[in-house]
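Just so it is clear, the values below take in all heavy atoms, side chains as well, and ignore hydrogens, waters and symmetry mates.
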Amino acid sequence: MTHTLIFDSDWLTPEQIQLDGKTINYLAAHDIQYVQHPVAAIQRLSVFVPAAYENGGTVNGYTRDTAPIFMPNTVGGYFPGPADDPTRTQWPNNAATIKQALKRGYVVIAAGLRGHTTVNESGQRVGQAPAFIVDMKAAVRYVKYNQARLPGNVERIITNGTSAGGATSALMGASGNAKFFEGALTTLGAAPATDDIFAVSAYCPIHNLEHADMAYEWQFDGINDWNRSQPVAGSMKNGRPKFEPITGTLSASDQSLSADLKRQFSDYLNGLQLHDANGQALTVSPDGTGTFQNYLVQLLTDSAQTALDKGVDIHKYAGFTVTNGKVTGLDLKAYLTSLTRMKAVPAFDQLDLGSLENRLFGDATVLNRHFTSFSQEHTTVKAQLAEPELVEAVNPLTYLTGKQSAKMAQHWRIRHGAADRDTSFAIPIILATVLQNQGRDVDFALPWDIPHSGDYDLGELFAWIDGLCQ
């Protein structure tokens with residue numbers, strides 16, 4: 001029997017949560033299949049609606065028909081992202097975000113998305129790229145297909161995510177109705193609707209993977225000691241592993257690779273022909289200097305000044321000069337050295353196929369694959385190279401730079417912490433600048449002393465959404 005993909009309002013039942021000592025009443029429908037032919041159990045979504053809308057009431061100036069539809073995801077590391085819930089306690093979850101969104105009057109629809117460890121009933125891997133974005137598109141199509149039956153305004157869909165989830169959100173905003181994904185959507189039996197969205201919220205999006213190694217070395221070349229945390233085997237608690245610190249130093253060979261990647265970044269960056277708000281070209285010389293680097297210095301200086309104005313001691317990190325309460329200079333190398341390098345070389349397309357991104361580009365028969373020609377040429381293990389068309393298809397810049405056509409979101413909010421070492425500052429700056437150069441509405445910042453994380457400024461995020469939707 002074919003699943004109809006019709007949403008039944010009778011599925012919505014009353015639930016409540018406590019938030020800041022107050023009761024939030026809402027209606028919920030759980031575990032809804034959003035494609036006709038799912039290949040994994042995770043391909044289901046849940047719907048949460050402020051209870052006031054059931055009887056024609058309003059919340060925060062919104063009604064049942066005008067409320068924004070907020071679609072957060074729990075993807076991280078390109079692992080599977082289960083459908084979220086305001087009462088969910090198992091990691092990963094954004095329960096606090098959903099609670100606040102319901103209080104704000106938003107309709108929240110949370111979809112489960114496949115990741116690189118997802119397997120079907122037969123144990124076959126079914127979650128490598130482009131599965132994560134295909135599922136997100138299918139969920140949006142389900143929502144739009146049911147626009148007459150679901151509460152909320154389908155013309156005001158806002159996606160939200162962090163890290164790989166931020167990349168998912170950004171890719172949704174860039175690749176609306178892109179032809180590349182139609183075959184996969186048809187095979188799954190996605191609803192006959194569009195998948196373009198209104199606005200994007202992306203925290204520290206790990207994207208533009210085919211250029212991320214170059215960008216990382218442009219930033220950290222010459223800083224040879226690295227440190228990070230890694231999961232401890234067998235340490236899972238409440239769905240989340242414990243982590244332990246590990247350290248290392250780049251070898252002479254690693255340092256040579258770093259220098260090569262740094263030089264390649266200048267060709268890539270300059271080819272984008274970016275410019276700032278004043279029309280000045282943003283470029284990088286082979287040695288890494290140039291107006292693009294100056295732009296990063298200004299963004300970090302602005303971040304530090306904002307913190308300083310709030311009474312924060314910014315000298316937790318080296319490199320800043322402060323004169324009469326004003327940040328008057330930044331030695332970028334000193335700042336980055338105090339920030340510290342997190343990853344070895346290459347940062348993402350690892351030569352031994354050891355990264356999560358290498359697993360993302362595997363397939364049903366090959367666990368890991370390279371996704372850059374550089375790492376394929378320097379590989380230390382027998383390896384295959386992922387299809388360039390696939391790698392490009394899951395990069396938002398592919399659509400934003402016109403390599404493939406799509407309908408793009410007009411409104412973007414991008415945050416990347418000033419203490420985030422997971423990817424280069426260049427990666428979110430490129431995304432934001434390309435969008436700005438195209439005349440799109442972009443709210444971009446590098447928040448002070450924020451590491452790789454998201455949803456840390458919900459008041460500001462929701463004020464931004466209200467400014468667009470009220």
Test Q128 against R359 for side chain to side chain contact (heavy atoms under 4.5 Å, CB included), laying out the working first.
CA-CA 7 Å; Q128 289 88 355; R359 292 197 67 172; over 6 Å; no
Please determine whether side chain to side chain contact (heavy atoms under 4.5 Å, CB included) holds for the pair E460 and R413, giving the CA-CA distance in whole Å, both sets of side-chain angles, and the decisive distance to 0.1 Å.
CA-CA 10 Å; E460 295 177 15; R413 186 177 192 270; 3.5 Å; yes
For the pair L209 and V391, evaluate side chain to side chain contact (heavy atoms under 4.5 Å, CB included) and give the outcome as yes or no after the intermediate values.
CA-CA 8 Å; L209 296 174; V391 180; 5.5 Å; no
Go through the steps to decide whether D443 and R415 satisfy the test salt bridge (charged side-chain N to carboxylate O under 4.0 Å, His left out), and finish with yes or no.
CA-CA 8 Å; D443 183 335; R415 292 292 183 271; 2.8 Å; yes
Residue pair I450, Y456: steps toward the side chain to side chain contact (heavy atoms under 4.5 Å, CB included) verdict
CA-CA 9 Å; I450 296 293; Y456 43 75; 3.4 Å; yes
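The closest side-chain heavy-atom distance from K144 to I157 is below 4.5 Å. Side chains of T97 and F70 form a contact here, defined as non-hydrogen atoms less than 4.5 Å apart. The closest side-chain heavy-atom distance from P14 to N25 is not below 4.5 Å. For the pair T168 and T159, the minimum side-chain heavy-atom distance is 4.5 Å or more. Between N177 and D195 the shortest side-chain heavy-atom distance falls below 4.5 Å. Here the side chains of V200 and H411 are not in contact, with every heavy-atom distance at 4.5 Å or above. For the pair N208/Y268, a side-chain contact is recorded, criterion being any heavy-atom separation below 4.5 Å from C-beta on. Contact of the H416 side chain with the I427 side chain is not registered, since no non-hydrogen atoms from C-beta on lie closer than 4.5 Å.
With hydrogens and angles left out, the side-chain atoms of Y106 and N60 include no donor and acceptor closer than 3.5 Å. The closest side-chain donor-acceptor pair between N227 and T340 falls under 3.5 angstrom. A side-chain donor-acceptor contact under 3.5 Å links Q18 and T23. D455 and N160 share a donor-acceptor pair across their side chains, judged by distance under 3.5 Å alone. Between the side chains of Y203 and D457, a donor-acceptor pair is found at a separation under 3.5 Å. Looking at D65 and T63, their side chains never bring a donor and an acceptor atom within 3.5 Å of each other. Side-chain contact of T249 with N224: a donor-acceptor pair under 3.5 Å is absent, judged by distance alone.
Between the side chain of R149 and the backbone N or O of Y145, at least one donor-acceptor pair lies under 3.5 Å. Between the side chain of D422 and the backbone N or O of H452 there is no donor-acceptor pair closer than 3.5 Å. In this structure, the side chain of H116 engages the main chain of G77 through a donor-acceptor pair within 3.5 Å. Not one N or O on the side chain of N153 forms a donor-acceptor pair closer than 3.5 Å with the backbone of A67. Of the possible donor and acceptor atoms, none in the side chain of T87 sits under 3.5 Å from a partner among the backbone N and O of D85. Of the possible donor and acceptor atoms, one in the side chain of Y399 sits under 3.5 Å from a partner among the backbone N and O of A393. Judged by distance alone, the side chain of D254 and the main-chain N or O of S251 form a donor-acceptor pair under 3.5 Å. Formation of a donor-acceptor pair under 3.5 Å by the D84 side chain with backbone atoms of N94 is found in this model. Of the possible donor and acceptor atoms, none in the side chain of K99 sits under 3.5 Å from a partner among the backbone N and O of I24. A donor-acceptor pair is defined here as one N or O able to donate and one able to accept, closer than 3.5 Å; no such pair exists between the side chain of Q33 and the backbone of P38.
In this pair, F48 and H30 present their aromatic rings perpendicular. The plane angle is above 60°, beyond the 30 to 60° band. Aromatic ring pairs are classed by plane angle as parallel below 30°, tilted from 30° to 60° and perpendicular above 60°; the pair F220 and Y216 is tilted.
The CZ atom of F180 sits 11.0 Å away from atom OG of S175, with the distance rounded to the nearest 0.5 Å. We find the CG-CG distance between N395 and L171 to be 8.0 Å, quoted to the nearest 0.5 Å. Between the CD1 atom of I98 and the CG atom of L458 there is a distance of 11.0 Å, given to the nearest 0.5 Å. The CH2 atom of W91 sits 10.5 Å away from the CG atom of N93 when rounded to the nearest 0.5 Å. A distance of 4.5 Å separates CG of L296 from CD1 of I429, quoted to the nearest 0.5 Å. With values rounded to the nearest 0.5 angstrom, L102 atom CG is found 9.5 Å from L19 atom CG.
Between P205 and A167, the closest heavy-atom pair is CB-N, 3.5 Å. Shortest non-hydrogen contact noted between Q410 and G439 is NE2-O, 3.3 Å. Taking both residues in full, the closest heavy atoms of V394 and P130 are given as CG1-CB, 4.0 Å, listed atom of the first, atom of the second, then distance. Residues P428 and I414 approach most closely at CB-CG2, 4.4 Å, considering heavy atoms. Looking at every heavy atom in both residues, L431 comes nearest to A170 through CD2-CB, 4.3 Å. The minimum heavy-atom distance between D352 and G354, with the atom names listed, is OD1-N, 3.0 Å.
Heavy-atom contacts from other residues, nucleotides or ligands closer than 6.0 Å to CD of Q404 number more than 12.
If you look at F348 and F371, their ring centroids are not closer than 6.0 Å. Centroid-to-centroid, the aromatic rings of F292 and W218 come within less than 6.0 Å.
Ion pair R341/E217 flagged as a salt bridge, since at least one NZ, NE, NH1 or NH2 atom sits closer than 4.0 Å to an Asp/Glu carboxylate oxygen.
With respect to D135, the salt bridge (charged side-chain N to carboxylate O under 4.0 Å, His left out) criterion is satisfied by exactly one of R114, R141, R44: R114. A side-chain contact (heavy atoms from CB on, under 4.5 Å) with P68 holds for exactly one of L468, I158, V107; it is I158. Paired with H207 under the rule side-chain contact (heavy atoms from CB on, under 4.5 Å), one option of S163, P396, S169 passes, and it is P396.
Under the 6.0 Å distance and 45° angle rule, R369 does not count as a cation-pi partner of F361.
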